[in-house]
> 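Below you will find the structure I want to go over with you.
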Amino acid sequence: MKYALGPLLYFWPQTDVEAFYQQAKDSTAEIIYLGETVCSKRREMKPAHWLAIAKELAAGGKQVVLSTMALLEAPSEVNIMKKYVDNGDFMIEANDVSAIQLAHQSKVPFVVGPAVNCYNAQTLKLFLDKGMVRWCMPVELSREWLQNVLTDCDTLGIRHQFETEVFSYGYLPLAYSARCFTARAEDRAKDDCETCCIKYPNGITVHSQESQKVFTLNGIQTQSGYCYNLINDQAGMDGLVDVIRLSPLGVDTLATVDQFRANRQGESRYPLEDGHHSNGYWHNLAGLTIQD
């Protein structure tokens, strides 16, 4: 089992981003995803900055993957994506089917990210033929569903031709929209947002009328209100999962990687706080649920 730091989903100042990955270089995560996947207006980190960090991490022994945008709205965003695809050194994470096609054309190996609607073995075979080397399954799906899909992959003779990754920690990215919810929360127009999301390093929590944390707003991305946490479910991933993904929420996430690794066989039961954590989707239950 390998551990991965997923792409940073929030808008942090450049100095904070660089400091985080400087520490991530010494973390126990074997794989690190880099790049902006949510909003092209978040321009503090240019492609050249991400590539410089990528080369430094790779020199330190990490496997680096460059992540692409999940929702493309302009030709300029496609041009940025092409720069990532044609970087010459690193594989990419495709969070949109257009990135898969560009990677295929350039013969660049790619990871299919959780934003891509990939729900069956036939689709995996299609992506495999185009150059997929790893698949991170959509976040709302369960262990049972994963097991069934991989069984179907066995039938197709492709089960061991790619790695399987599962989003296992962080606020789940549930949906994307052309509208910016963070700007709306500040009564701003999207075109005049002044990248106000930089003020919310882990998004904005949305409560229901019953004071339940139901969502987290992150620009155009809607995330879960509870932090998804499969730290106690790793033993059940044996034979199914090759890579466990943790989504960065701050420097503390690097210590969380160590906690996950220490609990690889499930010897400890980490307390998951009701109203703050969930693991329901993995157990084929409602997303807000905790299954002990």
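Residue numbers count from 1 along this sequence. The structure displayed is predicted, hence computed values, not measured ones.
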> Identify, with sequence neighbours excluded, every residue that meets salt bridge (charged side-chain N to carboxylate O under 4.0 Å, His left out) alongside Glu163.
Lys2, Arg134
> Where is the tightest heavy-atom contact between Ile231 and Asn229, given as atom of each residue plus distance?
N-OD1, 3.0 Å
> Tell me yes or no: between the side chains of Ser76 and Asn79, is some donor less than 3.5 Å from an acceptor?
no
> Could you note down all residue pairs passing ring-ring contact (aromatic ring centres under 6.0 Å, His included) where residues 270-292 supplies at least one of them, sequence neighbours left out?
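Matches after skipping sequence neighbours: none remain.
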> What I want to check is whether the side chains of Asn95 and Glu93 have a donor and an acceptor closer together than 3.5 Å.
yes
> State, yes or no, whether a side-chain contact exists between Met132 and Leu124 at a heavy-atom distance under 4.5 Å.
yes
> Taking only residues two or more places apart in sequence, or in another chain, which ones meet Glu18 in a salt bridge (charged side-chain N to carboxylate O under 4.0 Å, His left out)?
none
> Please confirm whether Arg42 makes a cation-pi placement over Tyr10, using NZ or CZ under 6.0 Å from the six-membered ring centre and within 45° of the ring normal.
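That pair does not qualify as a cation-pi contact.
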> Got a sec, which residues hit side-chain hydrogen bond (donor to acceptor under 3.5 Å, both in side chains) with Asn148, two or more places apart in sequence or on another chain?
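side-chain hydrogen bond (donor to acceptor under 3.5 Å, both in side chains) list for Asn148, sorted by chain: empty.
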> Do you know which two heavy atoms are closest between Ala183 and Cys196, and how far apart they sit?
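Between these two residues, the closest heavy atoms are CA-SG, 3.9 Å.
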> With sequence neighbours left out, what residues match Lys83 under salt bridge (charged side-chain N to carboxylate O under 4.0 Å, His left out)?
none
> Identify the heavy atoms of Tyr84 and Pro47 that sit nearest to each other, and give their distance.
OH-CA, 3.9 Å
> Which salt bridge (charged side-chain N to carboxylate O under 4.0 Å, His left out) pairs, counting each pair once, include a residue from residues 214-239, with sequence neighbours left out?
Asp238-Arg264
> Of all residues at least two apart in sequence or in a different chain, which pass the ring pair (Phe, Tyr, Trp, His ring centres under 6.0 Å) check with Phe215?
none
> Could you list the cluster mates of Leu288? Members are the ILVMFWY residues connected by side-chain heavy atoms closer than 4.5 Å, either directly or through other members.
Tyr226
> Once side-chain hydrogen bond (donor to acceptor under 3.5 Å, both in side chains) is applied, do any residues pair with Lys55, and if so which ones, sequence neighbours excluded?
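Partners of Lys55 under the side-chain hydrogen bond (donor to acceptor under 3.5 Å, both in side chains) test: none.
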> If a pair satisfies ring-ring contact (aromatic ring centres under 6.0 Å, His included) and one of its residues is in residues 132-185, list it, with sequence neighbours excluded.
none
> Test of understanding: with side-chain hydrogen bond (donor to acceptor under 3.5 Å, both in side chains), list the residues that count as partners of Asp89, not counting sequence neighbours.
none
> What closest approach, in Å, do Ser67 and Thr37 show between heavy atoms, and which atom pair accounts for it?
CB-CG2, 3.5 Å
> So Glu73 and Cys39, do their side chains get closer than 4.5 Å, heavy atoms only?
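They are not in side-chain contact.
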> Identify, with sequence neighbours excluded, every residue that meets salt bridge (charged side-chain N to carboxylate O under 4.0 Å, His left out) alongside Glu144.
none
